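Notes follow the structure.
We name chains A, B, ... by the order of the sequence lines, and we start the count at 1 in each one. On a predicted model such as this, the values are computed, not experimentally measured, just so you know.
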Number of protein chains: 2
Amino acid sequence: MFNDDPVFKALADSSRRFLLDLLFKRDGQTLSELEAELAMTRFGVMKHLRVLERAGLVVTRREGREKLHFLNAVPIRLIHDRWIDKYTERHVAALVDLKASLESQKCNPSKKTA
Amino acid sequence: MFNDDPVFKALADSSRRFLLDLLFKRDGQTLSELEAELAMTRFGVMKHLRVLERAGLVVTRREGREKLHFLNAVPIRLIHDRWIDKYTERHVAALVDLKASLESQKCNPSKKTA
DNA sequence: ACTATAGGTGACCATTTGGTCACCTGTCAA
DNA sequence: TTGACAGGTGACCAAATGGTCACCTATAGT
(Lines give C-alpha, C1' and ligand atoms only; values in the text may rest on other atoms or scores of the structure.)
Protein backbone atom coordinates (compact mmCIF):
# COMPACT_ATOMS: atom_id res chain seq x y z
CA MET A 1 0.00 0.00 0.00
CA PHE A 2 2.80 2.40 0.91
CA ASN A 3 6.44 1.75 0.09
CA ASP A 4 7.37 -1.77 1.08
CA ASP A 5 10.66 -1.30 2.84
CA PRO A 6 12.89 -4.31 2.03
CA VAL A 7 14.47 -4.16 5.49
CA PHE A 8 11.25 -5.04 7.28
CA LYS A 9 10.38 -7.69 4.72
CA ALA A 10 13.81 -9.20 5.24
CA LEU A 11 13.44 -9.24 9.01
CA ALA A 12 9.98 -10.82 8.82
CA ASP A 13 11.35 -14.33 8.32
CA SER A 14 12.81 -16.33 11.20
CA SER A 15 15.36 -18.13 9.00
CA ARG A 16 16.74 -14.77 7.88
CA ARG A 17 16.88 -13.52 11.47
CA PHE A 18 18.78 -16.67 12.34
CA LEU A 19 21.24 -15.94 9.54
CA LEU A 20 21.76 -12.47 11.03
CA ASP A 21 22.34 -14.12 14.41
CA LEU A 22 24.98 -16.37 12.86
CA LEU A 23 26.76 -13.40 11.29
CA PHE A 24 26.42 -11.45 14.53
CA LYS A 25 28.31 -14.25 16.27
CA ARG A 26 30.91 -14.57 13.51
CA ASP A 27 31.21 -12.23 10.56
CA GLY A 28 32.45 -13.14 7.09
CA GLN A 29 30.93 -16.60 6.66
CA THR A 30 30.39 -18.21 3.26
CA LEU A 31 27.16 -19.60 1.86
CA SER A 32 28.29 -23.16 2.53
CA GLU A 33 29.14 -22.39 6.14
CA LEU A 34 25.78 -20.77 6.73
CA GLU A 35 23.92 -23.50 4.87
CA ALA A 36 25.30 -26.09 7.26
CA GLU A 37 23.51 -24.39 10.17
CA LEU A 38 20.06 -24.29 8.54
CA ALA A 39 17.87 -27.35 8.01
CA MET A 40 17.25 -26.22 4.46
CA THR A 41 18.69 -26.67 0.99
CA ARG A 42 21.44 -24.41 -0.31
CA PHE A 43 18.97 -22.69 -2.64
CA GLY A 44 16.71 -21.66 0.20
CA VAL A 45 19.62 -20.17 2.12
CA MET A 46 20.84 -18.39 -1.00
CA LYS A 47 17.42 -16.85 -1.54
CA HIS A 48 17.33 -15.62 2.05
CA LEU A 49 20.83 -14.16 1.81
CA ARG A 50 19.81 -12.39 -1.37
CA VAL A 51 16.87 -10.77 0.42
CA LEU A 52 19.10 -9.72 3.30
CA GLU A 53 21.69 -8.30 0.92
CA ARG A 54 19.12 -6.31 -1.07
CA ALA A 55 17.84 -4.90 2.21
CA GLY A 56 21.36 -3.78 3.12
CA LEU A 57 21.36 -5.91 6.25
CA VAL A 58 24.14 -8.08 4.84
CA VAL A 59 27.14 -6.86 2.87
CA THR A 60 29.20 -9.26 0.76
CA ARG A 61 32.71 -9.50 -0.63
CA ARG A 62 33.99 -11.92 -3.24
CA GLU A 63 37.11 -13.79 -2.22
CA GLY A 64 38.16 -16.05 -5.10
CA ARG A 65 35.29 -18.46 -5.68
CA GLU A 66 33.88 -17.78 -2.24
CA LYS A 67 31.47 -15.05 -1.18
CA LEU A 68 31.86 -13.71 2.33
CA HIS A 69 28.85 -12.30 4.19
CA PHE A 70 28.96 -9.52 6.78
CA LEU A 71 26.26 -8.09 9.04
CA ASN A 72 25.42 -4.40 8.61
CA ALA A 73 23.62 -3.01 11.65
CA VAL A 74 22.87 0.46 10.29
CA PRO A 75 19.34 -0.39 9.04
CA ILE A 76 18.57 -1.84 12.47
CA ARG A 77 19.61 1.39 14.11
CA LEU A 78 17.36 3.33 11.73
CA ILE A 79 14.36 1.22 12.79
CA HIS A 80 15.19 2.09 16.37
CA ASP A 81 15.43 5.79 15.62
CA ARG A 82 12.11 5.78 13.76
CA TRP A 83 9.97 5.10 16.83
CA ILE A 84 12.29 5.90 19.73
CA ASP A 85 13.27 9.53 20.00
CA LYS A 86 16.15 10.89 22.06
CA TYR A 87 13.83 11.82 24.92
CA THR A 88 12.15 8.46 25.43
CA GLU A 89 15.26 6.38 24.68
CA ARG A 90 16.51 6.55 28.27
CA HIS A 91 13.09 5.58 29.55
CA VAL A 92 12.69 2.62 27.21
CA ALA A 93 16.24 1.38 27.76
CA ALA A 94 15.63 1.48 31.50
CA LEU A 95 12.49 -0.62 31.08
CA VAL A 96 14.37 -3.18 29.00
CA ASP A 97 17.17 -3.39 31.55
CA LEU A 98 14.66 -3.77 34.36
CA LYS A 99 12.88 -6.55 32.51
CA ALA A 100 16.16 -8.37 31.82
CA SER A 101 17.17 -7.95 35.44
CA LEU A 102 13.94 -9.39 36.75
CA GLU A 103 14.10 -12.33 34.37
CA SER A 104 17.70 -13.17 35.26
CA GLN A 105 16.89 -13.12 38.96
CA LYS A 106 13.65 -15.06 38.56
CA CYS A 107 12.89 -13.80 42.06
CA ASN A 108 9.16 -13.50 41.53
CA PRO A 109 7.90 -15.41 38.48
CA SER A 110 4.25 -14.65 39.27
CA LYS A 111 4.75 -10.92 38.77
CA LYS A 112 3.94 -9.68 35.31
CA THR A 113 6.70 -7.50 33.90
CA ALA A 114 5.05 -6.55 30.60
CA MET B 1 10.93 -22.75 10.55
CA PHE B 2 12.01 -21.37 13.90
CA ASN B 3 9.71 -19.41 16.21
CA ASP B 4 7.83 -16.79 14.24
CA ASP B 5 8.18 -13.71 16.39
CA PRO B 6 4.92 -11.70 16.11
CA VAL B 7 6.84 -8.43 16.44
CA PHE B 8 8.68 -8.88 13.15
CA LYS B 9 5.56 -10.14 11.41
CA ALA B 10 3.75 -7.04 12.63
CA LEU B 11 6.47 -4.71 11.39
CA ALA B 12 6.59 -6.40 7.98
CA ASP B 13 3.56 -4.52 6.66
CA SER B 14 3.78 -0.88 5.60
CA SER B 15 0.23 -0.07 6.70
CA ARG B 16 1.06 -1.27 10.21
CA ARG B 17 4.27 0.75 10.25
CA PHE B 18 2.23 3.77 9.21
CA LEU B 19 -0.14 3.13 12.12
CA LEU B 20 2.86 3.12 14.46
CA ASP B 21 3.98 6.40 12.89
CA LEU B 22 0.55 7.88 13.59
CA LEU B 23 0.67 6.77 17.22
CA PHE B 24 4.25 8.00 17.50
CA LYS B 25 3.05 11.44 16.48
CA ARG B 26 0.00 11.33 18.75
CA ASP B 27 -0.71 8.62 21.28
CA GLY B 28 -4.12 7.40 22.39
CA GLN B 29 -6.03 7.52 19.10
CA THR B 30 -9.19 5.52 18.49
CA LEU B 31 -9.87 3.08 15.68
CA SER B 32 -12.05 5.63 13.87
CA GLU B 33 -9.37 8.30 14.06
CA LEU B 34 -6.73 5.95 12.69
CA GLU B 35 -9.07 4.60 10.02
CA ALA B 36 -9.52 8.12 8.62
CA GLU B 37 -5.79 8.27 7.82
CA LEU B 38 -5.60 4.99 5.90
CA ALA B 39 -7.08 4.45 2.43
CA MET B 40 -8.63 1.22 3.65
CA THR B 41 -11.83 -0.03 5.21
CA ARG B 42 -12.31 -0.08 8.96
CA PHE B 43 -11.96 -3.86 8.99
CA GLY B 44 -8.55 -3.77 7.45
CA VAL B 45 -7.34 -1.23 9.98
CA MET B 46 -8.83 -3.28 12.80
CA LYS B 47 -7.01 -6.38 11.63
CA HIS B 48 -3.73 -4.50 11.51
CA LEU B 49 -4.25 -3.02 14.98
CA ARG B 50 -4.98 -6.50 16.27
CA VAL B 51 -1.68 -7.77 14.88
CA LEU B 52 0.18 -4.84 16.43
CA GLU B 53 -1.51 -5.38 19.77
CA ARG B 54 -0.73 -9.10 19.84
CA ALA B 55 2.89 -8.23 19.10
CA GLY B 56 2.96 -5.86 22.05
CA LEU B 57 3.80 -2.91 19.83
CA VAL B 58 0.46 -1.30 20.64
CA VAL B 59 -1.23 -1.22 24.03
CA THR B 60 -4.94 -0.42 24.35
CA ARG B 61 -7.30 0.94 26.98
CA ARG B 62 -11.10 0.92 26.88
CA GLU B 63 -12.67 4.31 27.49
CA GLY B 64 -16.45 3.93 27.38
CA ARG B 65 -17.31 2.66 23.93
CA GLU B 66 -13.98 3.82 22.55
CA LYS B 67 -10.69 1.96 22.48
CA LEU B 68 -7.56 4.06 22.78
CA HIS B 69 -4.30 2.87 21.20
CA PHE B 70 -0.82 3.59 22.52
CA LEU B 71 2.61 2.87 21.04
CA ASN B 72 4.92 0.64 23.07
CA ALA B 73 8.54 1.02 22.00
CA VAL B 74 10.05 -1.73 24.16
CA PRO B 75 9.93 -4.46 21.47
CA ILE B 76 11.66 -2.04 19.08
CA ARG B 77 14.46 -1.56 21.57
CA LEU B 78 14.81 -5.33 21.93
CA ILE B 79 15.29 -5.67 18.16
CA HIS B 80 18.04 -3.08 18.41
CA ASP B 81 19.74 -4.87 21.26
CA ARG B 82 19.63 -8.21 19.43
CA TRP B 83 22.10 -7.20 16.72
CA ILE B 84 23.79 -4.10 18.12
CA ASP B 85 25.89 -4.70 21.21
CA LYS B 86 27.15 -2.03 23.57
CA TYR B 87 30.54 -1.92 21.87
CA THR B 88 29.38 -1.33 18.31
CA GLU B 89 26.47 0.92 19.25
CA ARG B 90 28.62 4.05 19.32
CA HIS B 91 30.10 3.15 15.95
CA VAL B 92 26.74 2.48 14.28
CA ALA B 93 25.10 5.56 15.79
CA ALA B 94 27.97 7.66 14.45
CA LEU B 95 27.46 6.21 10.97
CA VAL B 96 23.75 6.99 11.09
CA ASP B 97 24.41 10.55 12.21
CA LEU B 98 26.99 10.98 9.46
CA LYS B 99 24.54 9.69 6.86
CA ALA B 100 21.81 12.04 8.10
CA SER B 101 24.25 14.91 8.06
CA LEU B 102 25.31 14.23 4.49
CA GLU B 103 21.72 13.91 3.32
CA SER B 104 20.64 17.14 4.97
CA GLN B 105 23.47 18.96 3.24
CA LYS B 106 22.66 17.34 -0.11
CA CYS B 107 26.24 18.05 -1.10
CA ASN B 108 26.46 15.07 -3.45
CA PRO B 109 23.05 13.94 -4.77
CA SER B 110 24.55 11.54 -7.32
CA LYS B 111 25.87 9.31 -4.58
CA LYS B 112 23.57 6.41 -3.70
CA THR B 113 22.91 6.24 0.01
CA ALA B 114 20.55 3.21 -0.04
C1' DA C 1 -36.95 1.78 24.78
C1' DC C 2 -34.80 3.25 20.58
C1' DT C 3 -31.43 4.81 17.47
C1' DA C 4 -26.89 6.21 16.05
C1' DT C 5 -22.24 5.29 16.72
C1' DA C 6 -17.78 2.64 18.06
C1' DG C 7 -16.08 -1.62 17.85
C1' DG C 8 -15.81 -6.91 16.78
C1' DT C 9 -16.09 -11.84 14.26
C1' DG C 10 -15.89 -15.31 10.67
C1' DA C 11 -15.68 -16.53 6.03
C1' DC C 12 -13.88 -15.50 1.61
C1' DC C 13 -10.58 -14.29 -2.41
C1' DA C 14 -6.37 -12.46 -4.85
C1' DT C 15 -1.65 -12.01 -4.20
C1' DT C 16 2.69 -12.87 -2.04
C1' DT C 17 6.07 -15.73 -0.05
C1' DG C 18 9.07 -19.87 1.54
C1' DG C 19 11.13 -23.71 -0.19
C1' DT C 20 12.63 -27.14 -3.76
C1' DC C 21 14.39 -28.70 -8.16
C1' DA C 22 16.78 -29.02 -12.83
C1' DC C 23 20.17 -26.72 -14.88
C1' DC C 24 24.01 -23.16 -15.62
C1' DT C 25 28.46 -20.22 -14.49
C1' DG C 26 32.87 -19.44 -12.50
C1' DT C 27 37.23 -20.76 -9.84
C1' DC C 28 40.84 -23.79 -7.93
C1' DA C 29 44.17 -27.60 -8.46
C1' DA C 30 46.26 -31.68 -10.64
C1' DT D 1 42.02 -29.64 -19.87
C1' DT D 2 39.65 -31.99 -16.92
C1' DG D 3 37.12 -32.59 -12.85
C1' DA D 4 35.58 -31.09 -8.32
C1' DC D 5 33.73 -27.51 -5.71
C1' DA D 6 31.41 -22.77 -4.58
C1' DG D 7 27.94 -20.15 -6.17
C1' DG D 8 23.79 -18.55 -9.30
C1' DT D 9 19.12 -18.50 -12.21
C1' DG D 10 14.36 -19.45 -13.54
C1' DA D 11 10.33 -22.04 -13.04
C1' DC D 12 7.29 -24.23 -10.00
C1' DC D 13 4.07 -25.48 -5.90
C1' DA D 14 2.01 -25.28 -1.13
C1' DA D 15 1.06 -22.15 2.51
C1' DA D 16 0.54 -17.62 4.54
C1' DT D 17 -1.00 -12.81 4.12
C1' DG D 18 -3.71 -8.34 2.98
C1' DG D 19 -8.05 -6.72 2.23
C1' DT D 20 -13.21 -6.85 1.82
C1' DC D 21 -17.88 -8.02 3.09
C1' DA D 22 -22.22 -9.57 5.66
C1' DC D 23 -23.42 -9.74 10.06
C1' DC D 24 -23.14 -9.12 15.30
C1' DT D 25 -22.29 -6.70 20.13
C1' DA D 26 -22.07 -2.81 23.19
C1' DT D 27 -22.24 2.03 24.75
C1' DA D 28 -24.14 7.12 24.68
C1' DG D 29 -27.85 10.18 24.48
C1' DT D 30 -32.59 11.44 23.73
Side-chain angles (χ1 to χ4, degrees), chain A residues 1-23 26-71 75, chain B residues 1-23 26-71 75:
Chain A
M1 175 174 183
F2 301 96
N3 70 327
D4 51 341
D5 193 321
V7 173
F8 292 100
K9 290 281 179 191
L11 290 175
D13 185 81
S14 56
S15 298
R16 287 195 287 267
R17 293 195 297 274
F18 184 65
L19 285 170
L20 292 182
D21 290 336
L22 291 175
L23 294 178
R26 184 164 67 85
D27 242 2
Q29 299 195 56
T30 67
L31 168 60
S32 306
E33 286 175 316
L34 295 169
E35 172 202 348
E37 307 281 341
L38 284 260
M40 191 189 305
T41 63
R42 180 170 59 89
F43 311 97
V45 178
M46 204 178 336
K47 242 184 180 180
H48 285 309
L49 285 174
R50 181 183 183 79
V51 173
L52 289 169
E53 190 174 357
R54 294 210 148 172
L57 286 161
V58 162
V59 178
T60 62
R61 196 178 70 222
R62 301 293 317 233
E63 196 86 16
R65 65 176 165 180
E66 293 183 335
K67 189 175 182 182
L68 308 181
H69 299 77
F70 301 86
L71 171 63
Chain B
M1 175 174 182
F2 301 95
N3 71 326
D4 51 341
D5 193 320
V7 173
F8 293 100
K9 291 282 179 191
L11 290 175
D13 184 81
S14 56
S15 299
R16 287 194 288 266
R17 293 195 297 274
F18 183 65
L19 285 170
L20 293 182
D21 290 336
L22 291 175
L23 294 178
R26 184 163 66 86
D27 243 2
Q29 299 195 56
T30 66
L31 168 61
S32 306
E33 286 175 316
L34 295 169
E35 172 201 349
E37 306 280 341
L38 282 260
M40 191 190 305
T41 63
R42 181 170 57 91
F43 311 96
V45 178
M46 206 180 332
K47 242 184 180 180
H48 286 309
L49 286 173
R50 181 183 182 80
V51 173
L52 289 169
E53 189 173 356
R54 294 210 148 171
L57 285 161
V58 162
V59 178
T60 62
R61 197 179 70 224
R62 300 293 317 230
E63 196 85 16
R65 63 177 165 179
E66 293 183 337
K67 190 176 183 183
L68 307 181
H69 299 77
F70 301 87
L71 171 62

task: Indicate, with a heavy-atom threshold strictly under 4.0 Å, whether B:Gly64 touches base, sugar-phosphate, or nothing.
output: sugar-phosphate
task: Check whether any side-chain nitrogen or oxygen of A:Thr41 sits under 4.0 Å from OP1 or OP2 of C:dG19, and answer yes or no.
output: no
statement: Distance col, row A:Glu33:CD vs A:Leu23:CG, nearest 0.5 angstrom, shows 10.0 Å
field: Whole angstrom value for the distance that separates C1' of C:dG18 from CG of A:Leu49
entry: 14 Å
- prompt: At what distance, to the nearest 0.5 angstrom, does CZ of B:Arg17 lie from NE2 of B:His48?
  reply: 11.0 Å
- request: Give the rounded distance in Å between these two atoms: CE of B:Met40 and C1' of D:dC21.
  value: 15 Å
message: Can a donor-acceptor pair be found, under 3.5 Å and without considering hydrogens, that links the side chain of B:Asp27 to the backbone of B:Leu71?
response: yes
task: Could you tell me the separation between the CZ atom of B:Arg61 and the C1' atom of C:dA6, rounded to a whole number of Å?
output: 16 Å
message: Tell me the bend of the helix from C:dA1-D:dT30 to C:dA30-D:dT1 as the angle between end helix axes, each from five pairs, rounded to the nearest 10 degrees.
response: 30°
task: Give the rounded distance in Å between these two atoms: CG of B:Asp4 and C1' of C:dT17.
output: 14 Å
query: Tell me: NZ of A:Lys9 to C1' of D:dA16, nearest whole Å?
result: 11 Å
- line: CG of A:Leu49 to OG of A:Ser15, rounded to nearest 0.5 Å, is 11.0 Å
message: Between A:His48 and C:dG19, is there a contact of a side-chain N or O with OP1 or OP2 at under 4.0 Å?
response: yes
task: Take atom CD of B:Glu63 and atom P of D:dT27, then tell me their distance rounded to the nearest Å.
output: 13 Å
- request: Report yes if the side chains of A:Leu19 and A:Leu22 come closer than 4.5 Å at any heavy-atom pair, otherwise no.
  value: yes
query: Thinking salt bridges, do A:Glu53 and A:Lys67 make one under a 4.0 Å N-O criterion?
result: yes
- request: Round to a whole Å and report the spacing from CZ of A:Phe18 to P of C:dG19.
  value: 13 Å
- prompt: So how far is it from A:Arg16 CZ to A:Asp21 CG, rounded to the nearest 0.5 Å?
  reply: 13.5 Å
query: For the pair made of CG in B:Leu19 and P in D:dG19, what is the distance, rounded to whole Å?
result: 10 Å
- prompt: Taking atom CG of A:Leu68 and atom OG1 of A:Thr60, what is their separation to the nearest 0.5 Å?
  reply: 8.5 Å
- line: Per-nt protein contacts along nucleotides 2-10 of chain D (heavy atom under 4.0 Å; B base, S backbone sugar-phosphate only, - none) come out as --BBSBBB-
query: Side chain of A:Glu35, backbone of A:Val45: donor and acceptor closer than 3.5 Å?
result: no
